[in-house]
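Letters A, B, ... are given to chains in the order of the sequence lines, protein chains preceding strands, and every chain is numbered from 1.
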Amino acid sequence: MRRGLLSWSETEVPPAVLEDRLARLRGRMANEGLDALLVYTNFPRPAAVSYLTHFVPYWSQGMLIVPPEGAPVLAVSLSKRVSNWIRETAHVSEIINTPNLGKELAACLKSGGHIRVGAVELNRLPGAVINTLEAEYPDIELTDSTALYQDFRATADETEIALSRRATEIARTALALATPGDAPVQADILSAIERAARMAGCEEILIDVAEDLAADGRFRRLDGPTAFKDRYAVRLSVAYKGHWVRLARSFDQRWPKDRANELEAHITSAAGSAVASGLPDFSTGPIGLEACIGTLPLQSIVKPAAGQIVSVNRTWHDEEGAWLASDPVLVGSDGKSAQPL
Amino acid sequence: MNMIHQERQERLFAAMAGEGVDAVMSWGNAWQCDYLRYVSDYSVLEGDAIAIILSDGDLHLIVEEETEAGRARAKCPGATVEAADDLVEAARRYLAKLGNRQIVTAPRTLLPYGLSAENLDRAAADGTDLLDRLLMTKSPAEIDAMRRATAMADAGYQVFRDAAKPGVAEFELVAEIEGYFREAGSPENFMIIGSGGQEVRGMHPAGERRLREGDLVTTELSPCVDGYFSQICRTLVIGEPSRAQHDAFQVYIDAMNAGFSVLKAGVTASKVAKAENDVFRDYGLEEYTTSEYTRVRGHGLGLFLDTKPHILEDVETVLEEGAFCIVHPNTYHPVAGYMVLGDAALVTKDGYRTFSSTPTELLSTVG
């Protein structure tokens with residue numbers, strides 16, 4: 001579940017920003033001739049509804065119905081007792097609490113006379129919900145609106161940039177705890193990282209480790225005992241108020257501080273180029289780009305868009321094994337250059 | 001392969017053979033991962049995932065992102081792992097390769113629309129019941145994991161009790177617990193919290209409210225070991241409890257004990273819920289057993305922390321020997337506010353067995 005801080009500050013996320021996003025989305029819906037749009041949410045896929053309303057479900061699932069005008073309706077499979085909490089943490093006024101999402105969606109869309117209805121990521125929405133919706137409302141014309149949403153979502157506004165910067169600060173401060181010191185690094189740094197990020201008010205933190213980069217240059221989920229070898233890496237995926245970044249660093253306990261600092265400077269400056277970047281004495285490996293373009297907090301993209309926030313995942317190699325790093329960057333208006341967050 | 005998963009596979013393959021099933025396709029994500037984990041021993045962290053296991057043990061995992069695929073490959077070295085832009089299309093392609101083998105899918109409620117029976121171009125029966133039977137009754141290794149998870153919940157509650165002080169914000173309290181569970185080896189935890197007085201109607205994720213002297217602080221802690229969740233529910237008073245708080249809490253003690261007094265293999269979830277609710281009725285508090293004030297009177301535990309059956313008066317599911325559930329008469333009290341009390345228990349032939357050592361009383365930060 002989501003168990004970090006879930007709260008809404010109207011200073012950080014003004015209602016006007018959310019309303020502006022909604023207005024822009026409605027412009028796209030009108031261009032496509034849609035009567036309404038369905039946007040799904042659960043805590044592993046909260047990003048689209050969170051972007052529009054600031055609502056992040058800590059548990060269960062829901063669907064935001066965006067009509068062409070008027071307040072969007074949030075239908076959630078959470079009990080009515082949770083509605084006050086939803087109103088405190090999100091910009092929503094119309095809430096339907098129901099164990100049967102499909103039936104309530106059908107009733108709501110039917111009463112609004114909405115026939116041509118788009119759905120973000122239609123094919124992977126829960127079958128029981130959509131099958132019930134279709135059975136209860138046979139006249140509905142459902143269409144997949146994933147591309148519409150992705151196009152709408154690409155460019156970051158000032159609020160998204162600020163929140164992503166805060167997520168990056170939290171991640172950077174926590175990840176510094178993984179830096180080798182005078183004594184060998186022990187597994188308890190990971191609980192210190194978790195505690196530090198949550199104390200700083202993050203919404204969530206996911207920790208992956210590569211304990212021995214000489215043996216295996218892949219991150220794994222931290223779900224059991226860990227023993228760090230000479231060269232290791234830690235990756236943090238951190239959310240702050242609905243915005244996620246990935247930050248990863250590799251460390252070699254045998255290196256003098258000067259060598260580590262020199263490499264860190266190269267990695268940080270190279271992250272902004274968002275293309276293959278050399279590292280002294282290393283060969284360059286694959287690069288992966290991730291951004292928030294749908295319901296997932298981060299997903300792979302092929303080409304960054306101008307003004308998009310992108311996490312750049314890079315790999316290098318030398319004779320001692322892999323070297324891994326991830327950095328969030330803001331892509332420039334040319335769509336090529338970028339600045340680290 | 002670890003022992004717990006070896007036991008699961010033996011039971012799964014026996015059940016598949018018994019029903020003439022050649023392959024099981026299961027779905028999961030970080031919210032609900034039990035069906036996926038049962039067949040694959042893999043818990044997905046980001047996005048959705050699909051596991052297709054054949055009766056000869058061949059396992060194919062489909063995940064949504066390369067980041068997740070890396071985790072899956074590290075966790076399941078014997079499986080083939082595919083990172084797909086389109087999870088649904090990838091699953092359809094894989095199913096097409098299986099020819100006319102008998103396939104079942106689960107769970108029916110959450111399988112993606114594109115893979116629901118109506119949208120598949122091949123026959124695939126619903127395998128939810130087959131897997132539900134396996135998920136409910138725990139094997140010895142599963143019971144041991146749940147016993148260890150319960151011990152971890154007890155230890156976590158002690159950390160919670162020590163950290164709950166006036167001035168501490170709810171989210172800071174949760175940070176302490178999460179740091180502890182990370183250190184103890186629990187990769188996941190379900191935890192909600194409530195703090196305040198008579199005005200508090202329930203629990204929610206941690207907010208910015210800071211604890212005050214006299215607050216009731218309610219929480220559910222639910223760490224997991226080897227993927228198996230246990231749970232503990234307790235109410236803590238910051239400072240000395242008042243007489244009114246003590247008196248109110250007696251209802252919850254009586255209700256939990258009443259639930260346990262009827263719990264044994266063969267009884268229905270309904271009977272346990274009725275025993276708990278009858279105590280509230282006897283105290284003239286029937287109103288607070290309704291959905292206006294409470295959700296369930298307990299629920300199953302296992303690879304999903306809110307698994308079947310829900311302990312409610314209209315649920316006629318029979319609790320079998322080896323089932324694991326929590327009995328928790330959590331609800332609002334009109335005098336004291338929202339209060340919780342609950343322990344997890346293994347259902348046995350003649351009764352039940354709890355593993356928790358935390359006192360089942362109204363707890364306090366003093367004494």
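Residue contact with chain A, scored on non-hydrogen atoms closer than 4.5 Å, involves the backbone and the side chain of B:Ser43 alike. Proximity to chain B is absent for every atom of A:Thr132, based on heavy atoms less than 4.5 angstrom apart. Looking at A:Phe43, only its side chain comes within 4.5 Å of chain B, counting heavy atoms on both sides. With a threshold of 4.5 angstrom between heavy atoms, B:Tyr338 approaches chain A through side-chain atoms but not through N, CA, C or O. Looking at B:Leu305, the atoms closer than 4.5 Å to chain A (heavy atoms on both sides) all sit in the side chain, from C-beta outward. Using a 4.5 Å cut-off between heavy atoms, B:Arg209 does not touch chain A at all. Contacts of A:Glu290 with chain B are made by side-chain atoms alone, with heavy-atom separations under 4.5 Å and no backbone atom involved. Only the backbone of B:Thr294 comes within less than 4.5 Å of a heavy atom in chain A; its side chain stays farther off. Using a 4.5 Å cut-off between heavy atoms, A:Arg3 contacts chain B through both its backbone and its side chain. Contacts between A:Leu122 and chain B at a heavy-atom distance below 4.5 Å involve backbone atoms as well as side-chain atoms. Contact of A:Gln61 with chain B is made through backbone and side chain together, with heavy-atom distances under 4.5 Å. With a threshold of 4.5 angstrom between heavy atoms, B:Glu188 approaches chain A through its backbone and through its side chain. Within the 4.5 angstrom heavy-atom criterion, only backbone atoms of B:Leu111 (N, CA, C, O) approach chain A. The contact between B:Arg201 and chain A is made entirely by backbone atoms, counting heavy-atom distances below 4.5 Å. For B:Glu172, the parts lying under 4.5 angstrom from a heavy atom of chain A are both the backbone and the side chain. Contacts between B:Val225 and chain A at a heavy-atom distance below 4.5 Å are absent for every atom of the residue. With a threshold of 4.5 angstrom between heavy atoms, A:Leu206 approaches chain B through side-chain atoms but not through N, CA, C or O.
Among the candidates B:Leu45, B:Leu110, B:Val174, the residue making the largest number of heavy-atom pairs closer than 4.5 Å to chain A is B:Leu45. The residue among A:Arg246, A:Glu88, A:Glu121 with the most heavy atom pairs within less than 4.5 Å of chain B is A:Arg246. Heavy-atom pairs under 4.5 Å with chain B peak, among A:Arg2, A:Arg218, A:Arg221, A:Lys80, at A:Arg221. Looking only at heavy-atom pairs under 4.5 Å with chain A, the residue among B:Trp31, B:Phe190, B:Phe171 that has the most is B:Trp31. In terms of heavy-atom pairs under 4.5 angstrom with chain B, the leader among A:Pro44, A:Ala128, A:Pro126 is A:Pro44. Interface summary for chain A: among B:Phe181, B:Tyr332, B:Tyr293, the most heavy-atom pairs under 4.5 angstrom belong to B:Tyr293. Counting heavy-atom pairs under 4.5 Å between each of A:Val82, A:Asp208, A:Asp216 and chain B puts A:Asp208 at the top.
Other residues, nucleotides and ligands contribute over 12 non-hydrogen atoms within 6.0 Å of the NZ atom of B:Lys308. Atom CG of B:Asp85 has 12 or fewer heavy atoms from other residues, nucleotides or ligands within 6.0 Å.
Between atom CG of residue B:Asp306 and atom CH2 of residue A:Trp59 there is a gap of 6.5 Å, rounded to the nearest 0.5 Å. Between the CZ atom of A:Arg124 and the CG atom of B:Asp86 there is a distance of 10.5 Å, given to the nearest 0.5 Å. In this structure, the separation between CG on A:Leu222 and CZ on B:Arg71 is 11.0 Å, given to the nearest 0.5 Å.
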- request: List the steps, then state whether side-chain contact (heavy atoms from CB on, under 4.5 Å) holds for A:Leu5 with B:Glu170.
  value: CA-CA 9 Å; A:Leu5 176 59; B:Glu170 289 177 350; over 6 Å; no
- request: Let me see the working for A:Arg220 and B:Arg73 under side-chain contact (heavy atoms from CB on, under 4.5 Å), right down to the final yes or no.
  value: CA-CA 8 Å; A:Arg220 71 170 181 87; B:Arg73 290 185 188 109; over 6 Å; no
- request: Under the side-chain contact (heavy atoms from CB on, under 4.5 Å) rule, what do A:Arg235 and B:Thr67 come out as? Steps first, then yes or no, please.
  value: CA-CA 11 Å; A:Arg235 179 173 64 196; B:Thr67 302; 3.4 Å; yes
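With respect to A:Arg195 and B:Glu176, a salt bridge is recorded, a charged nitrogen being found less than 4.0 Å from a carboxylate O. With salt bridges taken as basic N to acidic carboxylate O contacts below 4.0 Å, one links A:Arg45 and B:Glu64.
Residue A:Asn123 forms a side chain to side chain contact (heavy atoms under 4.5 Å, CB included) with just one option from B:Leu115, B:Val88, B:Asn119, and that option is B:Val88.
Scanning all heavy atoms of the two residues, the minimum distance from A:Ser191 to B:Gly179 falls at CB-O, 3.2 Å.
Looking only at atom types and distance, the side chain of B:Glu66 has no donor-acceptor partner in the side chain of A:Ser300 under 3.5 Å away. Between the side chains of B:Tyr180 and A:Glu194, no donor N or O sits under 3.5 Å from an acceptor N or O.
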